[in-house]
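For reference, the structure is listed below as structure tokens.
Ligands are counted one by one from 1 in listed order, and the atoms in each one are counted from 1 as well.
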Amino acid sequence: MSAIVEKAVNATIGDAKQRQLEPFRLEGNDKTPLTTYWGAKIADTDHALKAGPRGSTLLEDFHNREKISHFDHERIPERVVHARGAGAFGEFKLHTPLTGLTTAKILTDTSKITPAYVRFSTVGGSRGSADSVRDPRGFAARLYTDEGNWDIVGNNIPIFFIQEAIKFPDLVHAVKPEPHNEIPQAQTAHDNAWDFMGLHPQSTAMQMWILSDRAIPRSYRMMQGFGVHTFRLINAEGKSTFVKYHWTPHLGTHSLVWDEALKLAGQDPDFHRRDLWDAIEAGAYPKWELGVQLVNEEDEHKFDFDLLDATKIIPEDIVPVKNIGTLTLNANPVDFFTEVEQVAFCTQHIVPGMDFTSDPLLAGRNFSYHDTQISRLGINFGDIPVNRPVCPFMTNQQDGQMAMWGKKNRTRYHPNRFDAVPVTAPEKGGFQHFAEVMAGVKERLNGPKFNEYVNQATLFYNSMSEAEKEHMVSAAQFELSKCGDSIVHQNAIARFALIDHDFAVKVAQEFPHVKLPEPSKPNHGNKSSFLSQITGKTQTFTAAGRKVAIYLLPGFEYSQIASAVAAFEAASIMVKYVGPATGEIKSSSGQSVVAEFTFENSRSTYFDAIVFVGGSGDDYAKKLKVGRLIHAVREAYMHLKAIGATGNAVKWLTSVCLPGDVEYQGGVTLSNGVVLAEDVGTGAEFAEKFIDGVSKHRVWDRVVSHIAA
Ligand code: HDD
């Protein structure tokens with residue numbers, strides 16, 4: 001049981017000592033003898049009870065029946081969306097209080113360390129689907145505050161496909177595998193998805209975000225998170241301030257390249273889950289800053305978009321993000337099912353000092369999450385330890401399937417003659433909704449600014465670097481190329497033409513049958529300086545937390561890597577050795593290194609950067625014609641990763657792997673983002689140049705000739 005779950009169990013009913021069930025909660029562990037669910041020790045779990053060795057199986061064998069029956073019921077419905085995910089525990093520490101803006105202690109008390117939990121996910125795929133697919137990522141954070149659980153159920157993209165929750169079933173039915181053949185799994189690259197998006201103006205801006213690199217993150221550790229909606233903070237006087245929440249990763253926001261993402265879906269479908277797990281196990285705890293964008297109540301209408309419209313950002317150029325606290329994930333779950341599969345987030349889990357706005361998407365979500373938990377986990381899903389608050393809690397709710405909480409209150413109603421389970425006045429911390437003035441005609445409409453869909457799609461596209469724009473063109477071509485219906489191509493490209501005509505023209509090059517509409521409105525030319533992952537103002541570039549593979553080529557010289565490895569580790573790089581076999585491998589001078597991967601069982605896609613360590617000897621380049629290794633170099637080169645080579649691996653790399661692309665000019669040479677040193681000497685210059693390459697994430701200006709592709 002993780003520490004947080006344990007704390008939650010202990011906090012139940014306020015006074016743990018009073019718990020009726022206490023004596024029954026003896027924990028088993030892997031030294032406890034096998035028993036039935038009811039505690040009787042088992043003598044044989046491998047043979048069913050039979051009437052003679054070849055006789056029929058007897059019904060009285062309760063262990064056999066219990067074992068098979070429990071197995072039969074192991075599955076619960078997977079989440080209808082966000083089924084595939086990974087979670088971790090951690091803590092949140094506020095450093096900049098929002099004094100005067102809210103009464104919530106989590107946002108005002110800097111002395112407190114608040115237990116936290118985050119579940120990251122993809123949206124469209126089933127529970128067993130691949131991690132690296134093109135999709136928004138879920139970023140659902142729970143803060144177990146002293147005043148109740150606060151869930152920020154967000155994504156790694158700050159806007160959404162639709163403005164109205166009533167459209168969510170349409171969106172999800174369109175994006176999920178097509179109903180007649182259940183193809184394709186975990187992708188938007190199919191007719192129904194692009195049919196819906198092409199015909200659905202609300203999704204215009206989100207289309208650009210999902211075609212961008214944001215939809216193929218390098219790591220959960222390298223993703224931003226967004227609460228998406230505008231929420232409210234409420235202070236002691238009942239005054240409201242609008243707020244948008246941002247999580248900004250300390251490691252920067254970085255992405256895979258598409259070819260890498262496609263390959264990883266097969267080579268390591270658990271790529272993101274494994275990355276998070278490994279980093280936490282290695283003590284490289286991922287961290288995020290919680291940031292807020294604050295808007296005064298009086299300024300609600302000063303923007304050219306509606307704050308209640310979840311398809312719009314508030315550009316940071318207009319309202320800056322103020323970082324107020326740090327989230328650290330530092331503990332992996334102990335049991336995936338009970339702590340990740342059964343974690344039940346709800347957007348309506350907020351604490352006093354906060355409130356919702358009338359965002360119609362949020363209103364629907366506030367119904368949907370609780371409703372979906374009932375169907376997945378039952379009405380008492382709050383009793384599951386990972387879902388319990390860590391503060392004292394008491395309700396008058398009772399009974400229902402799987403009630404696990406022995407409540408002491410004899411009156412499950414209010415008021416009662418004992419004045420038991422009293423309610424708390426707002427002045428003393430009881431939740432109070434913001435006294436928002438509301439009046440209106442009952443109608444199915446939204447505010448007039450909701451009807452403008454294109455400006456921010458264009459803003460996003462304009463804000464990208466050239467490389468990112470090219471990725472978006474290729475992504476659109478890929479997605480639409482998987483659609484078979486020409487009307488789908490036509491409608492999607494017509495929508496792109498509204499965003500940026502030139503973008504549509506480029507995409508349409510692969511769809512000559514599409515009749516491009518005439519440009520209707522020129523691109524407004526506005527940009528935000530915060531949206532690009534390459535040139536964005538608040539972007540972080542660091543080598544910390546990156547995985548670097550060191551390939552130990554036959555006859556490698558230990559002296560050629562020792563100092564570089566020390567420098568890599570000092571830069572918090574995770575070093576992984578790849579050899580001809582796993583286990584201990586001796587260098588030509590006798591020192592041994594332990595290889596975790598083999599040339600054959602690993603791929604360059606597993607790593608952020610790769611180094612080839614050679615030895616001495618002239619005929620080496622001719623001899624080392626191992627296809628898997630040559631491919632690793634060319635692939636990493638094509639994926640714009642930092643590459644290094646030492647000793648005679650330099651000659652091999654320049655003459656066999658990348659002739660014409662990379663040239664060695666003596667000493668420590670940097671050629672097209674490849675660091676080469678026949679003799680690394682002290683290793684300092686080699687390490688410095690290589691670490692610099694790793695920290696830049698990709699060599700964006702690398703020339704990639706036909707040999708690499
Ligand atoms: Fe949702 C799960 C994020 C709109 C209905 N959603 C879910 C999860 C995330 C989001 C991260 C996974 C939580 C976890 O890890 O367990 N959803 C979003 C965002 C949205 C959004 C950022 C738009 C701003 N969602 C949305 C709407 C509806 C739902 C409009 C319904 C009207 N979402 C659900 C759900 C899920 C869910 C069906 C599936 C499993 C669950 O809730 O617990 O209720």
Side-chain angles (χ1 to χ4, degrees), residues 76-89 116-127 131 135-142 149-176 200 202-203 205-206 209-210 214-215 217 220 223-231 244-247 272-273 276 307-313 329 333 336-349 356-357 359-378 381-382 384 386-387:
I76 59 170
E78 66 173 32
R79 289 167 175 83
V80 60
V81 282
H82 296 264
R84 169 83 188 165
F89 294 91
Y117 180 94
V118 177
R119 182 173 177 275
F120 303 103
S121 48
T122 53
V123 181
S126 296
R127 211 186 139 189
D131 280 345
D135 208 4
R137 297 299 185 280
F139 191 126
R142 166 166 298 163
N149 285 356
W150 176 28
D151 291 352
I152 310 178
V153 195
N155 278 346
N156 75 329
I157 289 178
I159 57 166
F160 203 59
F161 293 92
I162 48 173
Q163 298 167 321
E164 285 265 9
I166 197 170
K167 295 298 301 174
F168 194 65
D170 298 292
L171 166 72
V172 175
H173 292 169
V175 169
K176 283 273 182 180
H200 200 69
Q202 290 177 19
S203 71
M206 186 67 170
W209 282 84
I210 61 160
R214 301 277 177 155
Y220 290 143
M223 288 185 338
Q224 279 178 293
F226 302 93
V228 180
H229 309 279
T230 307
F231 294 89
K244 278 199 187 260
Y245 297 109
H246 294 237
W247 296 106
H272 286 141
R273 182 181 284 191
L276 180 68
L307 286 182
L308 306 185
D309 175 358
T311 67
K312 308 288 187 334
I313 54 169
L329 295 182
F336 191 92
F337 188 85
T338 51
E339 297 180 3
V340 184
E341 197 54 20
Q342 294 198 133
V343 67
F345 292 92
C346 290
T347 47
Q348 73 270 27
H349 292 171
F356 312 113
T357 55
D359 175 340
L361 191 70
L362 181 57
R365 294 182 75 193
N366 287 343
F367 163 73
S368 177
Y369 288 73
H370 189 265
D371 192 40
T372 209
Q373 310 311 350
I374 297 170
S375 125
R376 295 191 65 233
L377 305 166
F381 67 89
I384 297 169
V386 71
N387 294 326

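When each atom of ligand 1 is checked for a heavy atom of V228 under 4.0 Å away, the hits are 22 (C), 24 (C). Of all the atoms in ligand 1, the ones that sit under 4.0 Å from a non-hydrogen atom of R119 are 14 (C), 15 (O), 16 (O).
A donor-acceptor pair under 3.5 Å links the side-chain atoms of R365 to the main chain of V153, judged by distance alone.
Any N or O atom pair closer than 3.5 Å counts here, and H229 shares no such pair with ligand 1. The shortest N or O to N or O distance between Q373 and ligand 1 is under 3.5 Å.
Nearest protein heavy-atom neighbour of atom 11 (C) of ligand 1: G154 O, 3.2 Å. Of all protein heavy atoms, the one closest to atom 38 (C) of ligand 1 is V80 CG1, 3.3 Å. Of the protein's non-hydrogen atoms, the one nearest atom 41 (C) of ligand 1 is T372 CG2, 3.4 Å. For atom 16 (O) of ligand 1, the closest non-hydrogen atom on the protein side is R79 NE, 2.8 Å.
Under 4.0 angstrom from ligand 1, the non-hydrogen atoms of N155 come from both its backbone and its side chain.
In this structure, W247 and I152 have side chains that are in contact, with non-hydrogen atoms separated by less than 4.5 Å.
Below 30°, between 30° and 60°, or above 60°: for Y117 and F345 the angle between ring planes is between 30° and 60°, a tilted geometry.
Residues satisfying the side chain to side chain contact (heavy atoms under 4.5 Å, CB included) test with D170, not counting sequence neighbours, are K167, F196. Under the side chain to side chain contact (heavy atoms under 4.5 Å, CB included) criterion, F336 pairs with R127, R273, V340, E341, not counting sequence neighbours. By the side chain to side chain donor-acceptor pair (under 3.5 Å) test, R119 is found to be paired with no residue, residues two or more places apart in sequence or in another chain being considered.
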Original post:
ring pair (Phe, Tyr, Trp, His ring centres under 6.0 Å) between Y245 and F226: does it pass, once the steps are laid out?
Top reply: CA-CA 6 Å; Y245 297 109; F226 302 93; over 10 Å; no

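Note that OG1 of T347 is 9.5 Å distant from CG of L361, once rounded to the nearest 0.5 Å. To the nearest 0.5 Å, atom CG of residue N387 and atom SG of residue C346 are 8.0 Å apart.
Residue-environment remark: CD1 (I166) stays at or below the threshold of 12 foreign heavy atoms within 6.0 Å.
Around atom 1 (Fe) of ligand 1, protein N, O or S atoms at less than 2.8 Å number 1.
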